[in-house]
Amino acid sequence: MQIYDSVQKKKVPFEPIRKGEASIYVCGPTVYDDAHLGHARSALAFDLLSRTLKALGYKVTMGKNFTDIDDKIIKKVEETGKSLEEITTHYIARYLEEMDALGVARADIEPKATESLDAIEQMIQKLIEKDAAYVVSSGDVYFDTSKDAHYGDISHRVGEDEENQSRIEHTEEKRNPKDFALWKACKGDEDICFDTAFSRGRPGWHIECSAMIEKHFAKAHGNDTYSIDIHGGGADLLFPHHENEAAQSRCATGHELAKYWMHNGFVQIDGEKMSKSLGNSFFLKDALNVYDGEVLRYYLNSVHYRNNFNFNEEDLLSAKKRLDRLYRLKKRVVPGKGSAVNKAFKEALLEAMSDDLNVSIALSVIDEMVAKANEQLDSNPKEKALKKETIANIEFIDTLLGFGGKEPYAYFQIGIDEALKAKIETLLNERSEAKKAKEFERSDAIRDELTTMGIAIMDTAEGTVWEKA
RNA sequence: GGUGCCAUCGCCAAGCGGUAAGGCCGCAGCCUGCAAAGCUGCUAUCCCCGGUUCAAAUCCGGGUGGCACCUCCA
């Protein structure tokens with residue numbers, strides 16, 4: 001397995017801390033609003049990584065956090081009058097639901113910041129004891145970046161002259177401009193606060209991940225050099241979030257946070273990063289309203305995870321057509337039990353995915369398998385062994401890439417209710433009779449009517465089948 | 001101002017020094033009562049300029065254009 005390490009800036013062989021095991025931690029969402037397509041892409045990218053490592057035989061432990069205490073959530077509390085818990089449980093539930101729709105496997109560990117306060121306090125305390133952090137008069141606690149000789153190793157940002165240009169907020173009591181808040185003391189009574197040895201307040205964003213990783217992963221790894229194998233997240237988290245995480249963990253624990261760092265590219269709309277400030281965010285729930293989760297998954301995963309992804313409907317439709325082809329093949333071979341996966345096919349897929357998740361190659365391997373199987377079925381429709389192997393092939397695709405697992409007829413009938421289904425069946429029966437009587441005008445009229453209804457039909461050797469167009 | 005990434009057929013997208021995968025769209029054919037589906041065939045020399053090399057889309061230098069990070073962000 002080769003992965004691209006964004007710190008080394010090159011593809012490197014994946015050599016886990018523990019033989020045969022892989023621990024992955026991905027920065028999850030701050031739950032103050034609905035998830036957008038960017039959250040989906042990140043989750044999907046690391047879902048693919050996890051599936052690939054599993055298929056290669058690794059025992060994968062996946063962690064993904066929920067930041068459920070944060071300025072923006074508090075702002076939402078003030079705006080809506082709802083409690084913090086009401087808001088966070090709502091958005092966490094929505095997030096998980098939507099990820100389920102996309103076929104993203106649940107993480108093994110899903111820590112929340114509010115449930116990790118003990119670990120956060122401990123880590124900050126340790127940093128204060130080591131003089132790598134300091135409490136200022138307000139009660140805020142800052143990390144002293146000058147105490148970490150390796151600060152900058154993750155993002156490769158070191159230049160001192162950068163300080164003047166950077167937009168980092170300058171606070172009087174900070175020792176160094178780059179120092180960042182580990183803990184934010186409460187200002188008023190309204191605030192959502194927690195008591196600690198240093199002050200009443202709440203955790204800064206960066207410390208959460210470090211503490212949660214330490215709490216859930218590092219213990220199992222004892223005195224290893226690294227806490228986890230892979231730390232992932234969106235490309236925008238590389239700096240300052242991951243740089244800060246790495247520094248805190250290094251100083252507090254004495255070992256490195258992650259052996260490898262992986263970052264996914266952005267979802268763009270019209271060539272620009274999707275963001276709230278630009279007013280072009282695309283919520284996942286809206287996308288799922290219009291498109292099936294599996295189609296969305298296929299589409300969002302069809303571009304390499306490190307590239308930027310320019311979301312548009314035309315490309316999504318093209319992706320859907322590609323997925324449709326797989327399901328049409330599935331219709332031809334189902335029902336039945338799968339035999340063994342074709343060896344060459346399996347190897348080609350794994351080889352592609354082992355190369356830093358080269359999905360483009362993987363999808364082309366699948367397309368070629370589909371075309372070849374169709375060709376063979378055309379010449380020999382009753383080929384039992386081929387059917388069984390194809391079923392197994394598709395099952396393997398579903399395991400590795402997370403699509404193709406639905407019952408094929410159902411896939412093409414998503415969103416069609418029973419009443420409409422009955423009507424379609426009636427029309428198709430009428431059309432068959434007309435055809436039998438060679439009344440082609442009548443049969444074509446029925447077909448036109450179905451087309452108007454958004455139903456495509458195709459006559460096969462096994463009879464007429466229909467699809468939602 | 002600093003730091004990165006990217007530029008391949010109409011569209012999406014592989015490629016990582018040895019002579020351009022795959023998909024969508026389009027065209028032609030087979031199949032079909034006609035369609036659809038499926039199958040077959042056809043369609044690019046890789047933003048520009050210079051260099052290195054027997055050989056470059058792939059390496060180096062210089063342009064041009066796009067995007068991102070340096071502030072909360074997947």
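Values below: all heavy atoms of this structure, side chains included; hydrogens, waters and symmetry mates excluded. Residue numbers begin at 1 in each chain, while the letters A, B, ... track the order of the sequences. This is a predicted model, so every value here is computed, not measured.
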Margin query: So if I define the base as every atom that isn't primed, P, OP1 or OP2, how would nucleotides 38-47 of chain B read as a B/S/- string at a heavy-atom cutoff under 4.0 Å?
Written below: SSS-------
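Considering only the side chain of A:S318, B:G23 comes nearest among B:C11, B:G23, B:A35. The side chain of A:K9 lies closest to B:G4, out of B:A35, B:A13, B:G4. Listed candidates were B:A68, B:C70, B:G23. Nearest to the side chain of A:F239 is B:C70. Taking only side-chain atoms of A:D315, from C-beta outward, the nucleotide of B:C11, B:C69, B:A13 with the closest atom is B:C11.
Heavy atoms of A:G265 sit under 4.0 angstrom from at least one base atom.
When the P atom is compared between B:G23 and B:C5, the two are found 32 Å apart, to the nearest whole Å. Nucleotides B:G17 and B:A55 have their C1' atoms positioned 8 Å apart, rounded to a whole Å. With C1' as the reference atom, B:A57 and B:A13 are 14 Å apart, rounded to whole Å. Nucleotides B:C30 and B:C6 place their P atoms 47 Å apart, quoted to the nearest Å.
In this entry B:U43 has no Watson-Crick or G-U wobble partner, no candidate having both defining distances under 3.5 Å. As the counterpart of B:U58, no nucleotide is assigned, since no Watson-Crick or G-U wobble pattern has both distances under 3.5 Å. Base pairing of B:A13: no nucleotide in any strand meets the Watson-Crick or G-U wobble criterion (both distances under 3.5 Å). In this structure B:A20 sits in no base pair that meets the Watson-Crick or G-U test at under 3.5 Å. For B:U64, the paired nucleotide is B:A7, the pair qualifying as Watson-Crick or G-U wobble because both relevant distances are below 3.5 Å.
Expressed to the nearest 0.5 Å, how far CD1 of A:I124 lies from CG of A:L117 amounts to 9.5 Å. Note that the CD1 atom of A:I446 and the OG1 atom of A:T451 stand 11.5 Å from one another [nearest 0.5 Å]. Distance check, rounded to the nearest 0.5 Å: NE2 of A:H231 to CZ of A:F46 gives 8.5 Å.
No side-chain heavy atom of A:R94 sits under 4.5 Å from any side-chain heavy atom of A:K285.
Contacts between residues 443-450 of chain A and RNA chain B, counted as heavy-atom distances below 4.0 Å, involve A:S443, A:D444, A:R447.
A salt bridge links A:K435 and A:D459; the closest N-O separation between the charged side-chain nitrogens and carboxylate oxygens is under 4.0 Å. The pair A:D71-A:K75 does not count as a salt bridge, with every side-chain nitrogen at least 4.0 angstrom from each carboxylate oxygen. Using a 4.0 Å cut-off between a side-chain N of Lys or Arg and a carboxylate O of Asp or Glu, A:K10 and A:D5 do not qualify as a salt bridge.
Put simply, the side chain of A:H36 and the base of B:A74 share a donor and an acceptor less than 3.5 Å apart.
Within the structure, the salt bridge (Lys or Arg N to Asp or Glu O under 4.0 Å) test picks out the following pairs touching residues 377-391 of chain A (sequence neighbours left out): A:R332-A:D378.
Under the 30°/60° scheme for interplanar angles, the aromatic rings of A:F239 and A:Y151 are found to stand perpendicular.
Residue A:N358 places at least one side-chain N or O under 4.0 Å from the OP1 or OP2 atom of B:G15. At the phosphate of B:C25, OP1 or OP2 sits under 4.0 Å from a side-chain N or O atom of A:K321.
Ranked by how close their nearest RNA chain B nucleotide is to the 5' end, A:H304 and A:S155 are led by A:S155.
Between the side chains of A:Y32 and A:D68, no donor-acceptor pair of N or O atoms lies under 3.5 Å.
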